[in-house]
Amino acid sequence: MEHLTLLQLEAGLDEIRKSPLDPGILKLIVCRPAVGARAIRESGELDLATGLVFDNWSTRGSSHTPDGLADPEMQINIMNSRVAALVAQNPDRWAEAGDQLYVDMNLGAANLPPGTKLEIGSAIIQVTEIPHTGCSKFMARFGRDATKFVNSPIGRELNMRGINARVVQPGIIRTGDLIRKLLQ
């Protein structure tokens, strides 16, 4: 598949900016049972210790921690579904971005600053401070221009590559669930 150019990606900004502030909608749940593997789920369980149950976050470790163990501040990766639709060009390719939750919601820091709690189904997650940035895998899958786009000043402002969160209340989530900001 041919990757979109920066000009083509920038033409999609208006649609991304239409993402709802609150509530949002959970559009896709993806488990990563092994490195490079993806499993689409209609529902999932969010757990305090393991994050998304059956995902490999808790076992694959992290280069961001001194001990190499999974970083609890990066337990759940969330991407805006409108950005995923734009860069992937096909809904079947959204999961290649590597995130677990794809949501129709404005993920910008002005709307969801670190510390914001979000209710999804019976679970509650909390947005963390660690930025989510486009990596070499994202570039290989969607192109250099897509990586530049999500890491551009407007891309960073809107957190187009996504945000990180941690589970603060375990529960069940389902595709189609509303995502509501909780008052702090």
> To which residues is L178 joined in a hydrophobic cluster, defined by side-chain heavy-atom contacts under 4.5 Å among Ile, Leu, Val, Met, Phe, Trp and Tyr, whether direct or through other members?
I25
> Answer yes or no: is there a donor N or O on one side and an acceptor on the other, between the side chain of Q75 and the main chain of I125, under 3.5 Å?
no
> Which residues pass the side chain to side chain contact (heavy atoms under 4.5 Å, CB included) test with T175, not counting sequence neighbours?
I29, E42
> Looking only at heavy atoms, which two atoms of M79 and L107 are closest? And how far apart?
C-CD1, 3.7 Å
> Which residue pairs pass the ring-ring contact (aromatic ring centres under 6.0 Å, His included) test when at least one of the two sits in residues 142-166, sequence neighbours left out?
F138-F142
> Grab the two heavy atoms, one from P23 and one from R180, that are nearest each other, plus how far apart they are.
CB-CG, 4.0 Å
> Test of understanding: with side-chain hydrogen bond (donor to acceptor under 3.5 Å, both in side chains), list the residues that count as partners of T50, not counting sequence neighbours.
D47
> Is the closest side-chain heavy-atom distance between V53 and R41 below 4.5 Å?
no
> What residue pairs, at least two apart or across chains, pass salt bridge (Lys or Arg N to Asp or Glu O under 4.0 Å) with a residue in residues 163-176?
E73-R166
> I'd like to check the side chain to side chain contact (heavy atoms under 4.5 Å, CB included) partners of A37; sequence neighbours left out, ordered by chain and number.
P33, A34
> Any chain of hydrophobic side-chain contacts (each under 4.5 Å) joining V168 to I78?
no
> With rounding to the nearest 0.5 angstrom, report the CZ to CD1 distance, R38 to I40.
9.0 Å
> Could you list the residues that satisfy side-chain hydrogen bond (donor to acceptor under 3.5 Å, both in side chains) with N106, not counting sequence neighbours?
none
> Below 4.5 Å, heavy atoms only, C-beta onward: do H132 and D99 meet side chain to side chain?
yes
> Under 4.5 Å between side-chain heavy atoms, hopping through other hydrophobics if needed: is there a path connecting I163 to I173?
yes
> Name all pairs fulfilling the side-chain hydrogen bond (donor to acceptor under 3.5 Å, both in side chains) condition that reach into residues 5-15, sequence neighbours left out, sorted by first residue then second.
T5-Q8, E15-R82
> If we only count heavy atoms from C-beta on, is the L101 to I120 side-chain gap below 4.5 Å?
yes
> For Q100, give me all partners under side chain to side chain contact (heavy atoms under 4.5 Å, CB included), at least two apart in sequence or on another chain.
R32, L52, D55, W57, I76, N77
> Would a single hydrophobic cluster contain both M105 and L46, if residues Ile, Leu, Val, Met, Phe, Trp and Tyr are joined by side-chain heavy-atom contacts under 4.5 Å?
yes
> Please give me the minimum heavy-atom distance between L28 and A95, naming the atom from each residue.
CD2-N, 4.5 Å
> Are S19 and D104 close enough that some pair of their side-chain heavy atoms sits under 4.5 Å apart?
yes
> Under 4.5 Å between side-chain heavy atoms, counting indirect links through other Ile/Leu/Val/Met/Phe/Trp/Tyr residues: same cluster for L118 and L48 or not?
yes
> Is there a donor-acceptor pair closer than 3.5 Å between any side-chain N or O of R93 and the backbone N or O of R141?
yes
> Would you indicate whether the side-chain heavy atoms of V83 and R161 approach each other to under 4.5 Å?
no
> Just verifying a value: how many Å separate S152 OG and L9 CG, rounded to the nearest 0.5 Å?
9.5 Å
> Is it the case that the side chain of K137 and the backbone of G36 share a donor-acceptor pair, with hydrogens and angles ignored and the cut-off at 3.5 Å?
no
> Tell me who clusters with M74, hydrophobic residues only, linked when side chains sit under 4.5 Å apart either directly or through other members.
I130
> On a heavy-atom basis, which atom in P131 and which in R156 lie closest, and how many Å separate them?
CB-NH2, 3.4 Å
> Would you check if the side chain of T128 reaches a backbone N or O of N164 as a donor-acceptor pair within less than 3.5 Å?
yes
> Supply the atom-to-atom distance L86 CG to N80 CG, rounded to the nearest 0.5 angstrom.
10.0 Å
> Got a second to check how far I154's CD1 is from I16's CD1, nearest 0.5 Å?
9.5 Å
> Hey, does L112 have a side-chain heavy atom less than 4.5 Å from the side chain of N159?
no
> If you look only at pairs with a residue in residues 143-154, which of them pass as a salt bridge (Lys or Arg N to Asp or Glu O under 4.0 Å), with sequence neighbours excluded?
none
> Run the side chain to side chain contact (heavy atoms under 4.5 Å, CB included) test against A85 and tell me which residues pass, sequence neighbours left out.
W94
> Quick one: does any side-chain atom of S81 pair with a main-chain N or O of V103 as donor and acceptor, under 3.5 Å?
yes
> Could you walk me through whether N111 and K181 pass the side-chain contact (heavy atoms from CB on, under 4.5 Å) test, one step at a time?
CA-CA 9 Å; N111 187 46; K181 291 194 284 187; 2.7 Å; yes
> Quick check against the 3.5 Å criterion: does Q169 have a side-chain atom that pairs as donor or acceptor with the backbone of A123?
no
> Rounded to the nearest 0.5 Å, what separates atom CD1 in I172 from atom CD in E45?
4.5 Å
> Report the distance from atom CG of N90 to atom CD of E96, rounding to the nearest 0.5 Å.
9.0 Å
